[in-house]
Amino acid sequence: MTHSSRIALVTGANRGIGRATALQLARDGADIIVTYNSHREEADAVVGEISALGRSAVALQLDVAKTSAFGSFAAAVHEVLRSRWNRETFDFLVNNGGLQVAEPLEKVTEEGFDSLVNVHFKGVFFLVQKLLPLISDQGSIVNVSSGTTRFYTPDRAIYSSVKGAVEVLTRYLAHELGPRGITVNVIAPGAVATDFSGGLLRSNEQVQKHIASVTPLGRFAVAEDIAGAITALLGDGNRFVTGQRIEVSGGIHL
Ligand SMILES: NC(=O)c1ccc[n+]([C@@H]2O[C@H](COP(=O)([O-])OP(=O)(O)OC[C@H]3O[C@@H](n4cnc5c(N)ncnc54)[C@H](OP(=O)(O)O)[C@@H]3O)[C@@H](O)[C@H]2O)c1
C-alpha cells in the first residue's frame, strides 16, 4: 500500500501501458483518474477493475493533441477531485497516452509530422501547464518516452525526435517544479507488446525473435514491465529522484 490515499491521473489508461500502470497503482492503494481518447468502453472497464480492487476511479475523455480543450479538461478534473475525493489536488500525473507513426523520411507529410509533435510534445507541455495548479506539492510527474531516443529504429525519425523533446522537457520541468517538491522523470520503454504499431510485436513471431536476440534479458516487454517501473518511481522510496531518464527495455541494443 505504498500509494495509499494518493490520486493519480494516467493519460491513455484504457489499454496498454497506461492501463497496466493504472491497475498497478490501484493495487498499491492509489485512486485513479483514467483518461481515454476514443475508447470509452475500455476506460469504463478499467474503472470497473479498479473498483473491484477496492479503489476509486473515474474516466474522463482527453485528446492530448487538442490543447484548446485542456481548459475544460482541467475544470472537469477539478470537479471530480472535489465531488469524488473532497480534494483540490491530485498527486501523480503520468503522461502516457500516444501513438506511433512509422514512415520513411520521404513519405512524411506535414500533417503527420504535426500530429506527432502535438500528441507527444506540445500536448504534454500544455497539459502540464494547465494541470499544474491541480498537482499537489510533493507530487510527481512521469513522462513516457521511448528507447528509440537512444538507438536507431527505421522510419521513426519524427516519433523519436519528439520523444527526445519530452526528455529535455523533463529536465527543465524538474528544475522549475523542484521548489514545490514535485519530481519529474521520464520512463523510456523498449519494445512492448501492446496495440502499439498495430500490435506488430504481439503478433509477429519474427519480430519477437529479433527483439529477444538484441535484448540482454532475452525477451520483449509486456505492459506490466513498464507499469512496475513507473509505479516504483512514484513510490516513497524514490522521492529524491528527479530529472532522470530511466530506460525500461531489458537493456535492448546496449
Ligand atoms: N509499445 C511500445 O513498444 C512502446 C515503446 C516505447 C514507448 N511507448 C510509449 O508508451 C505510451 C503508451 O503506448 P502503448 O504501447 O500502451 O500504446 P497503445 O496500447 O496503443 O495505447 C495507446 C493509448 O494512448 C491513447 N492515445 C492515443 N492517442 C491519443 C491522443 N491523441 N490523446 C490521448 N490519448 C491518446 C489511447 O487511447 P484510445 O484507445 O482511447 O485511443 C490508448 O489509451 C506511448 O506514449 C508510447 O509512445 C510504447
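Whatever order the structure lists them in is the order used to number ligands and atoms, beginning at 1. Just so we're clear, the structure is a prediction, and the values are computed from it rather than from any experiment.
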Colleague: I'd like to know if E49 and R19 make a salt bridge, using a cut-off of under 4.0 Å between side-chain N and carboxylate O.
Modeller: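 A salt bridge links E49 with R19.
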
Colleague: Atom 7 (C) of ligand 1: which protein heavy atom is closest, and how many Å away?
Modeller: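 Protein heavy atom at minimum distance: S145 O, 3.1 Å.
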
Colleague: Which option wins on minimum heavy-atom distance to atom 14 (P) of ligand 1: T194, N96, I211, V46?
Modeller: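 Nearest option to atom 14 (P) of ligand 1, by heavy atoms: T194.
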
Colleague: Mark up the atoms of ligand 1 that fall under 4.0 Å of a heavy atom belonging to H39, in ascending order.
Modeller: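 So the answer, numbered in order with elements, is 38 (P), 39 (O), 40 (O), 41 (O).
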
Colleague: Could a heavy atom of A188 be found less than 4.0 Å from some atom of ligand 1?
Modeller: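 So A188 does not count as touching ligand 1.
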
Colleague: Just by distance, no angles: are the side chains of R245 and T149 close enough, under 3.5 Å, to form a donor-acceptor pair?
Modeller: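 Yes, a side-chain donor-acceptor pair sits under 3.5 Å.
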
Colleague: Using a plain distance cutoff, I'd like to know if L99 has any nitrogen or oxygen under 3.5 Å from a nitrogen or oxygen of ligand 1.
Modeller: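 N/O-N/O distance under 3.5 Å: no.
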
Colleague: Test of understanding: given a 4.0 Å heavy-atom threshold, classify the contact between T35 and ligand 1 as side chain, backbone, both, or neither.
Modeller: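 T35 to ligand 1: no contact under 4.0 Å from either part.
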
Colleague: Could you tell me whether a side-chain N or O of N204 sits under 3.5 Å from a main-chain N or O of L200, the two making a donor and an acceptor?
Modeller: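 Judged by distance alone, no pair lies under 3.5 Å.
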
Colleague: How far is atom 46 (C) of ligand 1 from its nearest protein heavy atom, and which residue and atom is that?
Modeller: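 Ranking protein heavy atoms by distance from atom 46 (C) of ligand 1, first comes F196 CZ, 3.3 Å.
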
Colleague: Any atoms of ligand 1 less than 4.0 Å from a non-hydrogen atom of D195? List them with their elements.
Modeller: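 Selected atoms, number and element: 19 (O), 20 (O).
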
Colleague: Would you check whether E42 has a nitrogen or oxygen atom less than 3.5 angstrom from a nitrogen or oxygen atom of ligand 1?
Modeller: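 Such a contact does not occur with ligand 1.
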
Colleague: Hey, looking at atom 9 (C) of ligand 1, which of V162, V144, I226 has the closest heavy atom?
Modeller: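 Of the listed residues, V144 has the closest heavy atom.
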
Colleague: So which heavy atom in the protein is nearest atom 33 (C) of ligand 1, and how far is it from that ligand atom?
Modeller: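 Here the closest protein heavy atom is L62 O, 3.1 Å.
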
Colleague: Please work out which of A65, P189, G199 has its closest non-hydrogen atom nearest to atom 6 (C) of ligand 1.
Modeller: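 Residue with the shortest heavy-atom distance to the ligand atom: P189.
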
Colleague: Spell out, as yes or no, whether a donor-acceptor pair under 3.5 Å connects the side chain of S51 to the backbone of V47.
Modeller: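 Judged by distance alone, yes, a pair lies under 3.5 Å.
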
Colleague: State whether the shortest distance between N or O atoms of Y36 and N or O atoms of ligand 1 falls below 3.5 angstrom.
Modeller: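 Y36 vs ligand 1: no N/O contact under 3.5 Å.
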
Colleague: Would the number of heavy atoms belonging to other residues, nucleotides or ligands and lying under 6.0 Å from CD of E205 be above 12?
Modeller: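 Result for CD/E205: open.
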
Colleague: Is there a nitrogen or oxygen of Y159 sitting under 3.5 Å from a nitrogen or oxygen of ligand 1?
Modeller: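 Yes, Y159 has an N/O under 3.5 Å of an N/O on ligand 1.
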
Colleague: Determine, considering heavy atoms only, which of S249, S38, A227 sits nearest to atom 41 (O) of ligand 1.
Modeller: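 Answer by nearest heavy atom: S38.
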
Colleague: Would R40 count as a contact of ligand 1 if the rule is a heavy atom under 4.0 Å away?
Modeller: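 R40 does not count as a contact of ligand 1 under the 4.0 Å cut-off.
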
Colleague: For atom 31 (N) of ligand 1, which protein heavy atom lies nearest, and how many Å away is it?
Modeller: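 Among all protein heavy atoms, the one nearest atom 31 (N) of ligand 1 is D63 OD1, 2.9 Å.
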
Colleague: Quick one: look up the protein heavy atom nearest atom 27 (C) of ligand 1 and list residue, atom name and how far away it is.
Modeller: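 Scanning the protein heavy atoms, the shortest distance from atom 27 (C) of ligand 1 goes to G98 O, 3.5 Å.
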
Colleague: Within the 4.5 Å heavy-atom criterion, are L177 and L132 side-chain neighbours or not?
Modeller: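 In contact.
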
Colleague: For S56 and R84, does a side-chain donor sit closer than 3.5 Å to a side-chain acceptor?
Modeller: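 Looking only at side-chain atoms, R84 and S56 do form a donor-acceptor pair, the distance falling under 3.5 Å.
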
Colleague: So which bit of R19 gets within less than 4.0 Å of ligand 1, heavy atoms only: side chain, backbone, both or neither?
Modeller: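 No part of R19 comes within reach of ligand 1.
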
Colleague: Quick one: which of R15, K163, H120 has a heavy atom closest to atom 20 (O) of ligand 1?
Modeller: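 Among R15, K163, H120, the closest heavy atom to atom 20 (O) of ligand 1 belongs to R15.
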
Colleague: Taking A232's backbone N and O only, do any of them form a donor-acceptor pair with N238's side chain (distance below 3.5 Å, no angle check)?
Modeller: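 It does hold such a pair.
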
Colleague: Hey, is R171 close enough to E167 for a salt bridge, meaning N to O under 4.0 Å?
Modeller: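 The answer is no: the pair does not qualify as a salt bridge.
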
Colleague: When you measure from the side chain of T89 to the backbone N and O of L134, does any donor-acceptor pair fall under 3.5 Å?
Modeller: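 No: the side chain of T89 does not pair with the backbone of L134.
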
Colleague: When D91 is tested against each of S136, S5, S140 for side chain to side chain contact (heavy atoms under 4.5 Å, CB included), which residue passes?
Modeller: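 That would be S136.
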
Colleague: Provide the number and element of each atom of ligand 1 under 4.0 Å from a heavy atom of I17.
Modeller: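 In order of number, 10 (O), 15 (O), 16 (O), 48 (C).
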
Colleague: Is a donor on one side and an acceptor on the other found under 3.5 Å between the side chain of N143 and the backbone of V186?
Modeller: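 Answer holds: no.
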
Colleague: Taking heavy atoms and a distance under 4.0 Å, where does A193 meet ligand 1: side chain, backbone, both or neither?
Modeller: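 No part of A193 is near ligand 1 at this cut-off.
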
Colleague: Pairs of nitrogen or oxygen atoms closer than 3.5 Å, one from G147 and one from ligand 1: do any exist?
Modeller: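 In this structure, G147 places no N or O atom under 3.5 Å from an N or O of ligand 1.
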
Colleague: May I ask you to check whether V192 has an N/O atom sitting below 3.5 Å from an N/O atom of ligand 1?
Modeller: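 Indeed, backbone or side chain, V192 has an N or O that close.
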
Colleague: So do the side chains of I230 and N96 get within less than 4.5 Å of each other, counting heavy atoms only?
Modeller: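 No, their side chains stay 4.5 Å or more apart.
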
Colleague: Is it the case that ligand 1 has an N or O less than 3.5 angstrom from some N or O of V64?
Modeller: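 Among all N and O atoms of V64, at least one is under 3.5 Å from an N or O of ligand 1.
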
Colleague: Under 4.0 Å, heavy-atom basis, I'd like to know which part of Q100 is in contact with ligand 1: side chain, backbone, both or neither.
Modeller: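 Looking at Q100 and ligand 1, no heavy atom falls under 4.0 Å.
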
Colleague: Do the ring planes of H210 and H253 sit parallel (below 30°), tilted (30 to 60°) or perpendicular (above 60°)?
Modeller: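 Aromatic pair H210/H253 classed tilted.
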
Colleague: Regarding atom 5 (C) of ligand 1: of the candidates G123, A191, G190, which has the closest heavy atom?
Modeller: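 When every heavy atom of G123, A191, G190 is considered, G190 comes closest to atom 5 (C) of ligand 1.
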
Colleague: Counting only nitrogen or oxygen atoms and a 3.5 angstrom limit, does N14 reach ligand 1?
Modeller: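 Indeed, backbone or side chain, N14 has an N or O that close.
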
Colleague: With distance as the sole test, does E88 use its side chain to make a donor-acceptor pair with the main-chain N or O of L81 at under 3.5 Å?
Modeller: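 No, because the side chain of E88 does not come within donor-acceptor range (under 3.5 Å) of the backbone of L81.
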
Colleague: Which protein non-hydrogen atom lies closest to atom 34 (N) of ligand 1, naming both residue and atom, and how far is it?
Modeller: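 For atom 34 (N) of ligand 1, the nearest protein heavy atom comes out as N37 CB, 3.6 Å.
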
Colleague: Do other residues, nucleotides or ligands put more than 12 heavy atoms under 6.0 Å from F151 CZ?
Modeller: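 Count over threshold, so yes.
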
Colleague: Are any non-hydrogen side-chain atoms of V94 and L234 less than 4.5 angstrom apart?
Modeller: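 V94 vs L234: side chains touch.
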
Colleague: Say whether G12, considering both its backbone and side-chain N or O atoms, lies within less than 3.5 Å of an N or O atom on ligand 1.
Modeller: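 N/O-N/O distance below 3.5 Å exists for this pair.
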
